[in-house]
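Numbering of ligands and ligand atoms starts at 1, following listing order.
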Amino acid sequence: MSDTRDLQRFTIPGIVRVEAGEGGLPRFVVSGRDGAAHVYLHGAHVTHFQPTGGEPVLFLSGKSLYAEGKAIRGGVPVIFPWFGAKEGDSAAPAHGFARVLDWEPTDVRQESDGRVILTLELGSSDRTRKAWPFDFRLRYTIAVGRSLELALEVQNLSGGEFRFEEALHTYLAVSDVRQVDVEGLGGKTYIDKMDSGRRKVQPPGAIRIEGETDRVYLNTTDGVVVTDPGFKRDVIVTKQGSAATVLWNPWIAKAKSMSDFGDDEWPHMLCVETANVSDNAVTLAPGATHRMSATIAVEIS
Ligand code: TA6
């Protein structure tokens with residue numbers, strides 16, 4: 001793991017600094033003209049994003065772990081190369097290995113429009129090949145401005161094609177998940193993980209969260225708007241290169257069962273995940289690169 005001394009070359013005085021974050025894990029602290037963010041090398045994990053003059057947009061559990069091999073609970077976990085449980089390998093960690101490995105920063109810059117853009121990369125290794133026998137390189141760019149722009153590129157460095165799943169598993173901060181409206185998924189087919197994976201069609205109109213919710217919406221390239229009357233804002237998640245959207249809230253019992261999640265935190269978060277999973281997993285030819293991106297923006301209502 002890099003320590004903060006090695007990372008000083010990526011700092012920009014007054015804009016980007018490096019510090020030992022939670023658990024002593026190195027993180028970038030971005031204080032841009034239009035937005036602020038925290039980005040850990042661990043999992044290339046964005047744990048905080050706040051537009052200048054606005055409120056934090058991402059949820060981060062107060063009980064999260066910050067440790068080798070453990071995923072940070074909240075922010076935007078980067079999920080690759082499988083989503084959920086690994087097919088045929090119940091011992092494998094859920095959601096792949098990208099979110100629990102240290103990524104390497106390769107560029108930090110400030111654009112003329114004031115956005116601060118960080119690039120982090122992760123290559124295949126003996127450790128990843130043991131879990132997933134392919135060679136790849138991931139390049140993740142994080143642009144911090146009025147909105148948060150995330151782009152994950154997967155390059156196939158293997159001799160043959162491979163199939164992968166991916167997600168930007170975004171935890172949005174909400175005032176009360178029981179009061180928000182979720183628009184943009186009406187008419188879409190989803191896998192209901194709360195009903196034995198049955199496939200259903202989402203009725204038109206806004207979705208209200210009324211219990212543990214774990215749905216994989218398929219074949220949807222549309223954005224999602226979360227209208228939050230309590231915070232007097234809409235959070236808009238738009239995307240490119242993604243054909244699935246996952247909606248998740250653990251509700252009461254599941255929240256209690258997660259040691260890295262506070263029992264009383266579930267009303268204050270809603271995952272709106274930009275993904276390519278299940279039927280929408282990606283098959284990538286040797287040498288090819290796939291790009292998935294998400295933009296998280298806030299409009300005061
Ligand atoms: O994206 C929803 C989901 O797959 C849920 O099933 C739940 O497990 C959530 O991810 C969190 O997974 P994690 O491995 O981070 O606890």
Protein heavy atom at shortest distance from atom 12 (O) of ligand 1:
His95 NE2, 3.4 Å
Between ligand 1 and Trp248, is the shortest N or O to N or O distance under 3.5 Å?
no
Quick one: do Arg129 and Asp135 make a salt bridge, cutoff under 4.0 Å?
yes
Apply the side chain to side chain contact (heavy atoms under 4.5 Å, CB included) test between Val154 and each candidate in Glu166, Arg291, Arg137; give the one that qualifies.
Glu166
At a 4.0 Å threshold, what atoms of ligand 1 neighbour a non-hydrogen atom of Ala94?
14 (O)
Atoms in ligand 1 flagged as close to Glu273, the criterion being non-hydrogen separation under 4.0 Å
1 (O), 2 (C)
Quick check on contacts: which atoms of ligand 1 are under 4.0 angstrom from a heavy atom of Phe83?
1 (O), 4 (O)
Between Asp222 and Lys188, does any side-chain N to carboxylate O distance fall below 4.0 Å?
yes
Out of Lys254, His169, Met194, Glu212, who is nearest to atom 9 (C) of ligand 1 when you count heavy atoms only?
His169
Taking only heavy atoms of Asp214 into account, list the atoms of ligand 1 that are under 4.0 Å away from them.
2 (C), 5 (C), 6 (O)
Heavy-atom side-chain contact between Leu247 and Val272 under 4.5 Å:
yes
Residue Val246 vicinity, atoms of ligand 1 by number, heavy atom under 4.0 Å
1 (O)
Residue Glu19 excluded, over 12 heavy atoms near CD under 6.0 Å:
yes
Flag Arg99 as yes when one of its N or O atoms lies below 3.5 Å from any N or O atom of ligand 1, and as no otherwise.
yes
Steps toward side chain to side chain donor-acceptor pair (under 3.5 Å) verdict (Ser64, Asp260):
CA-CA 5 Å; Ser64 179; Asp260 63 345; 5.6 Å; no
Please state which part of Arg73 comes within less than 4.0 Å of ligand 1, counting heavy atoms only: side chain, backbone, both or neither.
side chain
Looking at Arg233 and Glu55, is any side-chain nitrogen of the basic one under 4.0 Å from a carboxylate oxygen of the acidic one?
no
